[in-house]
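Reading through the structure tokens given below for one structure.
Bear in mind the structure is a predicted one, so any value in this text is a computation, not a measurement. The chains referred to below are lettered A, B, ... by the order of the sequence lines, with proteins before strands, and numbering in each begins at 1.
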Protein chains: 2
Amino acid sequence: MTIKEIAQLAGVSSAAVSRYLNGGYISDEKKEQIRKVIEETGYQPSAQARMLRTKRACLVGVVVPKINSESISRVTAGIEEVLSRRGYQMLLASTDNEPEKEITYLKLFENYPVDGIVLIGTVITAEHRKFLKNSKVPVVVVGQYTKYANCIYHDDYGAGKAMGKYVAAELARGGGSDESGNRAGHRAGKAAYIGVTKEDKAVGVSREDGFRAGLKSGGAELEEGYIRQAEFTMESGYQAALDLLGEKQDIAVISCATDTIAAGAIEALLAYSKNRVPQAAKDSGTRMQYILDSSAVRVTGFGDNQFLKAVTGGIPTVHFGYKTSGIRGAELLLDVIERGEKIPVEMKLGFRMVC
Amino acid sequence: MTIKEIAQLAGVSSAAVSRYLNGGYISDEKKEQIRKVIEETGYQPSAQARMLRTKRACLVGVVVPKINSESISRVTAGIEEVLSRRGYQMLLASTDNEPEKEITYLKLFENYPVDGIVLIGTVITAEHRKFLKNSKVPVVVVGQYTKYANCIYHDDYGAGKAMGKYVAAELARGGGSDESGNRAGHRAGKAAYIGVTKEDKAVGVSREDGFRAGLKSGGAELEEGYIRQAEFTMESGYQAALDLLGEKQDIAVISCATDTIAAGAIEALLAYSKNRVPQAAKDSGTRMQYILDSSAVRVTGFGDNQFLKAVTGGIPTVHFGYKTSGIRGAELLLDVIERGEKIPVEMKLGFRMVC
DNA sequence: CTGTTAGCGCATTCAG
DNA sequence: CTGAATGCGCTAACAG
């Protein structure tokens with residue numbers, strides 16, 4: 001069904017139909033004829049052909065690393081909120097944490113086309129920079145800092161530092177004395193950290209650097225051998241935590257770069273406590289040997305995952321303004337789409353410790 | 001950058017460039033010239049203009065009710081798997097559980113256009129049927145039965161029934177004797193159910209009907225007053241469970257229509273046990289009055305959520321082949337897209353109790 | 001207010 | 001093997 005056919009059936013010109021569709025001048029009489037024909041045929045104008053002409057789709061594309069994530073869904077909720085309020089629709093493309101797919105989908109959106117793109121960033125490779133520099137459509141990056149596009153990111157360093165301080169304080173509280181560090185609930189022990197790839201500057205670098213700084217400022221330290229790297233999945237966090245628990249017997253806190261990883265660590269603790277029954281006084285050496293009582297190991301995360309909070313009562317974590325970043329990101333994007341705003345913007349959002 | 005400009009720069013015709021791009025006959029000499037120019041300019045053909053001609057985008061659109069769901073992400077993972085293997089890309093549209101938005105996005109995809117659509121269904125309204133009947137592009141529905149499109153759904157009735165039987169058995173085990181039903185861990189008590197809207201035939205109707213049937217076949221029953229209806233969210237499950245716990249003191253099991261709702265119920269139990277300290281022998285009537293010991297209330301779900309399993313150790317639930325349904329759905333869709341397969345298909349997938 | 005015309009960027013005839 | 005010409009469905013400019 002094309003506009004031309006509708007025009008013939010209604011006995012008018014295709015331009016008249018176009019005007020009818022787009023609110024141009026048209027007599028009531030013809031308006032009625034056209035309405036009737038469209039009604040009967042169920043005609044719907046081709047969005048693509050329209051776009052070919054108008055270069056305007058009222059559509060924005062959002063590239064996300066994965067679909068099943070509370071933090072990401074909070075960002076997209078924010079985006080969707082302002083988009084729908086301003087008459088835009090949103091299409092998502094999930095890249096499954098593969099940076100190369102990110103490029104593919106960015107290009108797809110670029111010449112599909114959409115009016116604008118928001119990229120929820122993980123790693124910014126040279127390819128990314130290249131794309132951002134000469135993209136035909138405006139892009140805003142959420143979650144990572146970049147100078148090649150408008151971006152809006154979170155204070156990961158600050159959040160890491162706050163968490164580091166908190167953990168250091170916990171450690172100090174728990175391990176007050178030296179040899180007899182086995183008080184109920186708390187015990188002397190060290191901090192462990194499960195991070196992510198350093199290619200992710202926000203989560204992999206800033207957050208971890210901040211954590212280290214926070215620990216240090218609290219008089220603690222992240223020792224070598226107490227660090228693991230995981231993917232952004234629960235399974236990966238599970239493996240990393242299990243590895244940690246198997247190798248080091250004096251861990252008091254496992255801090256994880258995300259709440260999802262933390263969930264995996266909690267799972268590992270559960271599994272560990274089942275297989276490894278406490279056998280405290282079996283050894284009779286001169287020094288008390290640390291036997292890991294996994295129920296005394298605490299886990300911390302980042303992201304303030306509500307699901308985790310609900311079913312576990314909550315772990316120490318950090319709340320980021322994910323929804324806000326979505327909202328601001330979308331607003332930024334619409335500013336350049338609709339008003340051609342040219343001056344670049346970098347926006348850093350704060351956080352809130354939750355413990 | 002258009003194909004015409006490339007042609008000029010390379011000193012050939014636009015048709016030659018088109019052939020170069022699409023693997024038509026072209027001399028090596030011109031091939032080289034064109035390659036060079038494209039390289040330099042970073043030219044990318046406009047997908048939309050191509051589609052306008054070819055009616056083929058190698059793209060499928062997927063309409064989902066929400067983004068942050070493990071079950072849905074498993075379906076989309078299945079879809080993506082076969083799509084990418086066969087050279088297609090996938091775009092997602094999230095409707096936020098609003099059926100009317102579903103229609104909007106279906107129409108968007110229809111004339112955007114994509115080559116095919118998969119709808120992860122919740123409710124099938126008259127509007128939906130109308131769309132399915134005269135959609136220009138093939139649609140397959142996943143998760144709901146419909147006769148207006150190829151569909152692939154799960155045995156929700158069977159799953160509900162299996163869960164019902166399981167719960168009935170648990171109930172029988174827990175409340176063996178009559179007056180002294182207070183054994184450690186288990187106690188006499190009734191089954192409660194938190195369902196969802198009846199407009200969702202699969203989850204709201206089939207699953208619940210099956211559950212009732214299963215209970216009955218196990219000698220138990222779902223009494224009026226022990227049923228609540230929730231949204232597909234944790235918060236909603238939380239409220240419903242709290243309401244249930246406040247009103248009925250003899251609940252032994254809360255069965256929930258989804259694991260997400262179950263997570264909310266678990267949260268409610270946690271909250272309830274904090275505020276409501278057990279005060280068993282305060283009453284001295286002739287009959288022992290039930291005082292809800294929330295730690296004895298068990299929660300069941302549907303969906304086999306891995307996150308929930310990880311951090312809680314797992315609740316009784318049902319595993320559906322979500323990824324499989326995604327795979328089969330995508331295959332079905334490609335069959336009609338590429339081979340014009342005409343005969344309609346309805347596929348029902350099984351399940352597995354997890355307890 | 002209306003119809004005619006000319007493209008948007010590309011792929012596909014059809015003559016060379 | 002190649003280029004010129006045509007049209008996909010639509011809107012924007014223009015002349016009625």
Those residues that, when tested against B:Lys4, pass side chain to side chain contact (heavy atoms under 4.5 Å, CB included) (two or more places apart): B:Thr2

Set of residues satisfying side chain to side chain contact (heavy atoms under 4.5 Å, CB included) with respect to A:Ile103, sequence neighbours excluded: A:Lys107, A:Glu127, A:His128

Contact letters for nucleotides 7-16 of chain C, in which S counts primed atoms plus P, OP1 and OP2 and B counts the base, heavy atoms under 4.0 Å: BBBBBB----

Under the ring pair (Phe, Tyr, Trp, His ring centres under 6.0 Å) test, residues paired with A:Phe320 that sit two or more places apart: A:His154, A:Tyr322

With sequence neighbours excluded, residues passing ring pair (Phe, Tyr, Trp, His ring centres under 6.0 Å) with B:Phe109: none

Run the side-chain donor-acceptor check on residues 134-141 of chain B: report pairs under 3.5 Å with partners two or more places apart or on a different chain.
| unit_1 | atom_1 | unit_2 | atom_2 | d |
| --- | --- | --- | --- | --- |
| B:Ser135 | OG | B:Val137 | N | 3.1 |
| B:Ser135 | OG | B:Val137 | O | 2.6 |

Members of residues 30-41 of chain A that approach DNA chain C, where some heavy atom sits under 4.0 Å away: A:Lys30

If only side-chain N and O atoms count, and only distance matters, is there a donor-acceptor pair under 3.5 Å linking [Y] with [X]?
{"X": "B:Arg50", "Y": "A:Asn111", "answer": "no"}
{"X": "B:Asn150", "Y": "B:Glu346", "answer": "no"}
{"X": "A:Glu5", "Y": "A:Thr41", "answer": "no"}

Electrostatic pair A:Glu81:A:Lys323 at N-O distance under 4.0 angstrom: yes

Inter-end axis angle, the helix from C:dC1-D:dG16 to C:dG16-D:dC1, with every axis fitted to five base pairs (rounded, 10 degrees): 50°

Leading and trailing nucleotides of DNA chain D with any atom under 4.0 Å from heavy atoms of chain A: D:dG9 to D:dA13

Identify all side-chain donor-acceptor contacts of residues 88-96 of chain A below 3.5 Å with residues at least two apart in sequence or on another chain.
| unit_1 | atom_1 | unit_2 | atom_2 | d |
| --- | --- | --- | --- | --- |
| A:Tyr88 | OH | A:Arg56 | NH2 | 3.4 |
| A:Tyr88 | OH | A:Glu338 | OE2 | 3.0 |
| A:Thr95 | OG1 | A:Val64 | O | 3.3 |

Summary of salt bridge (charged side-chain N to carboxylate O under 4.0 Å, His left out) pairs that have at least one residue in residues 18-29 of chain B, sequence neighbours excluded: B:Asp28-B:Lys31

Salt bridge (charged side-chain N to carboxylate O under 4.0 Å, His left out) contacts in which one or both residues fall within residues 32-42 of chain B, not counting sequence neighbours: B:Glu32-B:Arg35, B:Arg35-B:Glu39

